[in-house]
Amino acid sequence: MTAAVFFGCAFIAFGPALALYIFTIVTEPLRIIFLIIGAFFWLVSLLFSSLIWFTTATLIGNKDEPREKYLLIFGVLISVLIQEMFRFAYYKLLKKASEGLKTINPYEKAPSMRLLAYVSGLGFGIMSGVFSFVNTLSDSLGPGTVGIHGDPPQFFLYSGDWIRQHLRGFPTLTLHTDWRREFHHSSPSALGLVSITLFPWQSVQLVNVLQEHFHKSEMIFHSVILFIFRLLSGHFLFDLVGIK
Amino acid sequence: MLTFMASDSEEEVCDERTSLMSAESPTPRSCQDGRQGLEDGESAAQWRSQESEEDHEEEDPDRYVCSGVPGRPPGLEEELTLKYGAKHVIMLFVPVTLCMIVVVATIKSVRFYTEKNGQLIYTPFSEDTPSVGQRLLNSVLNTLIMISVIVTMTIFLVVLYKYRCYKFIHGWLIMSSLMLLFLFTYIYLGEVLKTYNVAMDYPTLFLTVWNFGAVGMVCIHWKGPLVLQQAYLIMISALMALVFIKYLPEWSAWVILGAISVYDLVAVLCPKGPLRMLVETAQERNEPIFPALIYSSAMVWTVGMAKLDPSSQGALQLPYDPEMEDSYDSFGEPSYPDVFEPPLPGYPGEELEEEEERGVKLGLGDFIFYSVLVGKAAATGSGDWNTTLACFVAILIGLCLTLLLLAVFKKALPALPISITFGLIFYFSTDNLVRPFMDTLASHQLYI
C-alpha cells in the first residue's frame, strides 16, 4: 500500500518505545545489553508457550472452529503465565548481576534496580510489540489486498494502536512486578494492581475474539486501563527519570 | 576468533598476550562457473582479555602497555575491565548488526540472491532428490567436503606461517581481496541496479567500482581511517555471506553452520588445534597476529610518556585524546585464508610516545557465518520477519555470553559455537512452533 500507511502505523506502534530508547538507553552500553537480554527472555517465554500450545493443538486436533478459538485462548493464558514466570526469572538474574556488579565495581555506582527494571521491561515490551506487529507492517508495504477477504478496514490502525498501548503497558507492568520485591510497603498493592489490570486486559481481548467483532469499545477500555496504570506508576517513573 | 586486544606497545610480555586471531579459509580457487571459491574465512574467533597483562603493571609504572594506565592502583583494573567490557560488547554489536542488516535487506529486496543457480564445487551433491534420507545424506556429504576443505586450508596456512612464507600469504590475501572488492562488488551492484530498474552506463559503473575497490584495497592492506576500514570489512563480510547464502543448498547450509561451530570450538581450544597453534606461534614471535582478516574496533589513545600524570588517568575514563591511528596497516581482510601480516612498520611510539589501544577484535569469519544464519532465516522463513528477528537476538545474546566467558576465562575463545547454537535453536523452533502461534494470534487480533 502506501508508504504513508506503513510509516504511520509504524510510528503509532513504535513511536513511544523508540523515543524511550533514544533518549534513555542508547547512551549507556550496559543498558543496551540489558535491553537485549530482556528481549531474549521474552522470546524464550514465547517459545515455551508456543511449544505448549502446539503440543496441545496437535494432541487435541483442531478440526472445528470454536475449538480452535478455545485452544487459542488457552494458549494466550498460558503464555501470559509463562511470561510472568520469565519476568520473575529475569528479575532474579538482574538481582544477582547487580550484586556481582557491585562487588566488582566498588568505586562506581551500579545501575539501580529500578533502572534495570525499566530497561528490562522496555526490552520485553519492545520485543513483544515487534514480534506481534512486524509481519502486519511488512504486509502493509505490499499490494493493497489486505482487507479483501472481509477484514475490517480499521485493521491496521487498530493493530498499530494496540501495539502502542501494549508497549507502554509492558514497561510499567514490569516496573511494578519488580518493585514489589524491593519496596515492601508498596508490595501488596503493587501485586494486586498487576493482577487486577493484567487479567481484565487479556479477557477483554478474548471476549473480542469470541464475538468476532472488532469493538471500538475494546480500544477504549484498554486506553482507560493504561491511563490509570500510568497515573499510578507515573510518579515512580518520574523518580526514575530523575535518577538518570 | 574474538580477541580483546590490550595493547600494542612493544613490551614483550604484553605482545605475547595480545591479539590472537586467526582465521582459516580455503584458497581462492575459482569454481566452475568462474566464481570465487569460498572462504569460510575466519570462523574461529578468539577472544582474549587483557587482564592478564595487568599483573605486570605493578612492576613498572611506566609501562602503559596492558591496561594502559601508568602506575594505576590494582583495584581499578577490574573496574576498568568491566567498564570496557560493556562498551566493547556494544562495539561488537554494532558492526555485527550492520552486517546482518545489509545482508537481510539485500536478501529481501534483490531476488538474485535467493534464486538457485547452481552450486559451488565444494558442495557437489545436489539436494534435488525425492527422498528425505537421500537429501540428508547429500547434505552431510557436502558438509564433510566443505569442512575438510576448510581444515586443509587452515593447516596449509599454519604451515606457511610457521615456515615464514609471509610473502606468499600476503599475495594470497591480496588476490582474494581483489576478487571480493572488484568482482563481487560489480555483480552485487549489477543485481541491485537491476532490481530497482536503474540504468547506469559502463563508464560510470567502471569509475564507481574502481574507486570503491581501490580505496578498499588501500584501507584494508595498508593504511586508512579506522572507520573506513571497518566499513569495508563489514561490506566484504556481507558480500561473502550473500555468496554463501546463494550458493549453498538449503539443508547443507544448516549442517555446515553446525559443523563449522564445532570445528571452531575444536580448533581454538584443543592443544593441537590449528588456530591455537597459530596463536601460539605468533606469540612466540611477538608478532601481532593477522591484523588482516580481523575486524578491529580499536580505539587508540596516545598518552604522554612516563609520568604518573593525572590527565592520563583521565584518559582511561574517556579517550580524552583519541586519535584514530592508522598504525595498524591492515585490519581485517576478506575472509580468506589466514593471513599473516609482518610486524607492522607503522609502529611509532618507541621513542616519542607510547600508544596503547584497547579494542576488541572479531574475526571476519564470524561476521560471515552470523550473517549467513540470519540471511538464510530471512530467505527461507516464508516471508516471515519473526524468524529473522529471533535469530538476530539469539546471535547477539550468544555474542554477549561469549564475551562474558572471555572475561571469566581470560583466554582465546571461539565466537561461533554459542551464537550459532542459539541461532539454530531459535531458527528451527521459531519457524515451526512460534510462527503458527503468532499467525493464529495475529489473525484473531490477539496480542500477548
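The structure displayed is predicted, hence computed values, not measured ones.
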Response to the item:
Under 4.5 Å to a heavy atom of chain A? For B/Leu433 that would be both
Practice prompt. Could you pull out all residues at least two apart from B/Glu191 that satisfy side-chain hydrogen bond (donor to acceptor under 3.5 Å, both in side chains)?
Written response: B/Lys194
Discussion item. My understanding is that only residues two or more places apart in sequence, or in another chain, count here; which of them pass side-chain contact (heavy atoms from CB on, under 4.5 Å) with B/Tyr113?
Written reply: B/Thr106, B/Ile107, B/Val110, B/Tyr188, B/Leu242, B/Lys246
Worksheet, complete the sentence: So, the part of A/Phe54 with a heavy atom under 4.5 Å from chain B: the answer is side chain
Worksheet, complete the sentence: Given B/Val393, B/Asn432, B/Ile397, B/Thr430, the one with more heavy-atom pairs under 4.5 angstrom with chain A than any other is B/Ile397
Discussion item. Looking at B/Leu257, is its backbone amide N or carbonyl O close enough to the side chain of B/Ser261 to form a donor-acceptor pair, meaning the two atoms are under 3.5 Å apart?
Written reply: yes
Practice prompt. Count the heavy-atom pairs under 4.5 Å between each of A/Leu43, A/Ile37, A/Leu51, A/Val44 and chain B, then report the option with the highest count.
Written response: A/Leu43
Worksheet entry | Pairwise side-chain contact, B/Phe93 with A/Pro29, heavy-atom cut-off 4.5 Å (strictly under) | no
